[in-house]
Number of protein chains: 2
Amino acid sequence: MSDVLVIDDDPPLVRALVINLKAHGYTVRAAGTGAGGLRLAAERPPDVVVLDLGLPDLDGTEVIAGLRGWTDVPILVLSAREHSREKVAALDAGADDYVVKPFGMDELLARLRAALRRGSAQPDEPTVVTDDFTVDLAAGRVSAGGTDVRLTPTEWRLLEVLARNHGRVVDHRRLLLDVWGPAYQDQTNYLRVFMATLRRKLEPDPAHPRHLLTEPGRGYRFEI
Amino acid sequence: MSDVLVIDDDPPLVRALVINLKAHGYTVRAAGTGAGGLRLAAERPPDVVVLDLGLPDLDGTEVIAGLRGWTDVPILVLSAREHSREKVAALDAGADDYVVKPFGMDELLARLRAALRRGSAQPDEPTVVTDDFTVDLAAGRVSAGGTDVRLTPTEWRLLEVLARNHGRVVDHRRLLLDVWGPAYQDQTNYLRVFMATLRRKLEPDPAHPRHLLTEPGRGYRFEI
DNA sequence: GGACGGCGTCAAGAACCCGTCAAGGACGGC
DNA sequence: GCCGTCCTTGACGGGTTCTTGACGCCGTCC
C-alpha cells in the first residue's frame with residue numbers, strides 16, 4: 001500500500017503514529033531529524049510525508065523547501081503551535097495540510113487519505129500492442145503500420161471493450177451492453193457487422209483474423 | 001484571478017469572506033444554500049470551493065458528493081463542529097481540507113492558496129508548441145507567427161483543455177464539463193461554434209485543420 | 001444426408017453529426 | 001445611456017455513420 005514518511009522528534013508520538021499507520025496497512029518509515037527525513041525521502045520517494053515542526057536541527061519551512069525542490073509529494077504538517085503565522089508560513093512554503101496537536105488519530109488518518117487521494121488520481125490506461133496494430137487506450141487512437149486508423153465511434157467502443165479484456169472471451173451480452181446499452185442485448189447481428197468492419201480496418205487478412213477472434217456461440221476475444 | 005465559490009448560510013461570515021477574498025484579488029461568488037451552491041458551480045466551474053457544513057437544506061457530505069460527481073475542484077470545509085467524526089466524514093466524502101471555526105482569515109487564505117496550488121499543479125510541459133502556433137499554459141497566452149493571438153475566455157478554456165490533453169481524444173462530454181459545467185453536457189453545438197473560431201484564429205487553413213482535429217462522433221483532439 | 005443455428009458479407013435508406021453563418025441578447029466599460 | 005465584445009441559439013447543407021434486412025457459408029446435430 002502507500003508509503004508514509006514520518007519526520008518527528010517526539011518518540012512516544014512517533015510510536016503511536018507508526019503503530020496506527022501500520023495497523024491501517026501503510027508502510028511507514030520514521031526519522032527523528034529534518035536532515036534524516038530528507039535523506040530517507042531521497043533514498044526512496046514516499047507517497048506522503050507527515051512532518052512535525054519543531055525539529056531539533058532544521059526549521060519546518062526548511063524541510064518543506066528541501067522536499068519541494070524536487071517532489072510534489074503531499075506534506076502534512078503537525079504542530080503544537082496554534083499561532084496562525086506558523087500555519088501560514090508552512091502552508092505557503094508548500095505544505096498541503098496543517099494539523100494542530102493534540103489531534104485525533106482518526107482525523108489524521110482521514111486527512112492522510114485526502115492527501116493521498118489527491119496525489120494519485122490517475123488510473124493508468126495501458127496501450128495494447130499486437131504484431132499488426134496498436135491500441136492506445138489513453139489517447140483513444142489506433143495505429144496500424146505507423147499510420148492512424150480512422151474508426152467510427154461505435155467501432156472504437158467495441159474495440160475498446162475487447163482491448164481492455166484482451167486475452168479473455170467477452171460475452172455477446174457484455175459487448176452489446178457496454179457498446180449499445182441494455183436495450184440491445186439481443187442484437188447479435190450488430191456485433192457481426194461491426195466486427196467485420198474492425199477486421200477490415202485492422203487485420204492484414206480480414207477473412208482469417210489473428211487478433212479479433214470469434215468464439216462461436218459465446219462471444220469474441222482480443223488476442224495479442 | 002482565481003474564482004472562489006463560497007457556500008455558507010451565515011451572512012456576516014459570508015460578508016467577511018467576500019470582502020477579504022476580493023481584497024486579495026479573487027473573484028467570489030456566494031450561495032446561502034447547498035442547492036444554490038451546486039447550481040452556481042454548475043453554471044461556471046469555480047477554481048476552489050469554500051463550504052460551510054450546517055447548511056439549511058443539504059447535509060455537507062451531500063454537497064461534496066454533488067460536486068465530486070463531476071469535478072475535482074478543491075473543496076475547503078468550514079465547520080463549527082469540533083467532533084472528529086464530522087471531519088472524517090467530510091474528508092472521506094472528498095473534501096480537501098477542514099477548518100474549524102473560529103479561524104483566522106490569514107490561515108484560511110493560506111489554506112486556500114495551498115488548495116489552489118495543488119489544483120493547478122500541472123506536472124507536464126507548461127507550453128505546447130506546434131508548427132503554426134504556441135500555447136503557453138502557464139502564462140495563459142497563445143501566439144502565432146510571433147504575435148499574440150487574442151482569445152476570449154471561453155475560447156481559451158477550450159484550447160487549454162485540449163492542449164493539456166494533446167495527443168488524446170477528448171470527449172464531447174469532458175470538454176463541455178470542463179469548459180461550461182455539468183449543465184451543458186448535451187450542448188455539442190457550443191463545441192462546434194467555438195472550435196470554428198479557434199480554428200479561424202489559429203489554423204493556417206481553417207477548413208483543413210492540422211492541429212485542432214475532429215474525431216467524428218467522439219470529440220476533438222489537439223495534435224502537434 | 002438434411003435441417004438448423006450461428007456467423008460473415010453486402011447494400012440501401014434513415015438518422016445523426018459536423019461546419020458554417022447570422023441574429024439576438026447579456027454583460028461590462030466608457 | 002451608449003457601444004463593443006462575447007456568448008447563446010437556431011437553421012441549413014453536406015457528409016458520414018448506424019441500422020436493418022437479405023443472402024450464403026459452414027459446422028453441428030438429428
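To find a chain, count down the sequence lines: A is the first, B the second, and so on, and within it residues start at 1.
Here the C1' atom of nucleotide C:dC7 and the CG atom of A:L212 are 15 Å apart, to the nearest Å. Atom P of nucleotide C:dC17 and atom CG of B:D171 are separated by 13 Å, given to the nearest angstrom. As rounded to whole Å, 18 Å separates atom P of C:dG6 from atom CE of A:M195. Distance B:L191 CG to C:dC17 C1': 12 Å, rounded to the nearest Å. Following rounding to the nearest Å, A:L158 (CG) and D:dC18 (P) show an atom-to-atom distance of 11 Å. In this structure, CZ of A:R192 is placed 12 Å from C1' of D:dG24, rounded to the nearest angstrom. The distance between atom NE2 of A:H172 and atom C1' of C:dG8, rounded to the nearest whole Å, is 12 Å. Taking atom OH on A:Y190 and atom C1' on D:dG21, their separation rounds to 11 Å, with Å as the unit.
Going from atom CZ of A:R111 over to atom CG of A:L76 covers 7.5 Å, rounded to the nearest 0.5 Å.
Taking the six-membered ring for Trp and the full ring otherwise, the centers of B:F194 and B:W156 sit at least 6.0 Å from each other.
The side chain of A:T154 lies closest to D:dC18, out of D:dC18, D:dC7, D:dG21. Of the candidate nucleotides D:dC18, C:dG19, C:dT20, C:dT20 has the atom lying nearest to any side-chain atom of B:A207. In this structure, the nucleotide among D:dC7, C:dC7, C:dT9 sitting nearest to the side chain of A:A196 is C:dT9. Side-chain proximity of B:T214 to C:dC18, D:dC7, D:dC18: nearest is C:dC18. Distance from the side chain of A:N189 is smallest to D:dT20 among C:dG8, D:dT20, D:dC6. For A:Y220, taking side-chain heavy atoms from C-beta onward, the closest of the listed nucleotides D:dC6, C:dG8, D:dT9 is C:dG8. Of the candidate nucleotides D:dT5, D:dT17, D:dT8, D:dT8 has the atom nearest to the side chain of B:Y184. Out of D:dT20, C:dC21, C:dC7, the shortest distance to the side chain of B:R200 is found at C:dC21.
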Walk me through whether B:K101 and B:D52 qualify under side-chain contact (heavy atoms from CB on, under 4.5 Å). CA-CA 10 Å; B:K101 291 192 276 192; B:D52 195 340; 2.8 Å; yes

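Annotation: of the two residues near DNA chain D, B:L151 and B:P216, the 5′-most nearest-nucleotide partner is B:L151. Between A:P153 and B:Q187, the residue anchored nearer the 5' end of DNA chain D, judged by the nucleotide with its closest heavy atom, is B:Q187.
When B:R199, B:K201, B:R200, B:R150 are each tested for a salt bridge (Lys or Arg N to Asp or Glu O under 4.0 Å) with B:E155, only one passes: B:K201.
Regarding contacts with the backbone of D:dC6, a side-chain N or O of B:R150 is found under 4.0 angstrom from either OP1 or OP2. The side chain of A:W180 contributes no N or O atom lying less than 4.0 Å from OP1 or OP2 of D:dC18.
Across all strands shown, D:dC30 forms a Watson-Crick or G-U wobble pair with C:dG1, both key distances being under 3.5 Å.
A donor-acceptor pair under 3.5 Å is absent between the side-chain atoms of A:S84 and the main chain of A:K87, judged by distance alone. Distance alone, capped at 3.5 Å, is enough to place a donor-acceptor pair between the B:R68 side chain and the B:G94 backbone.
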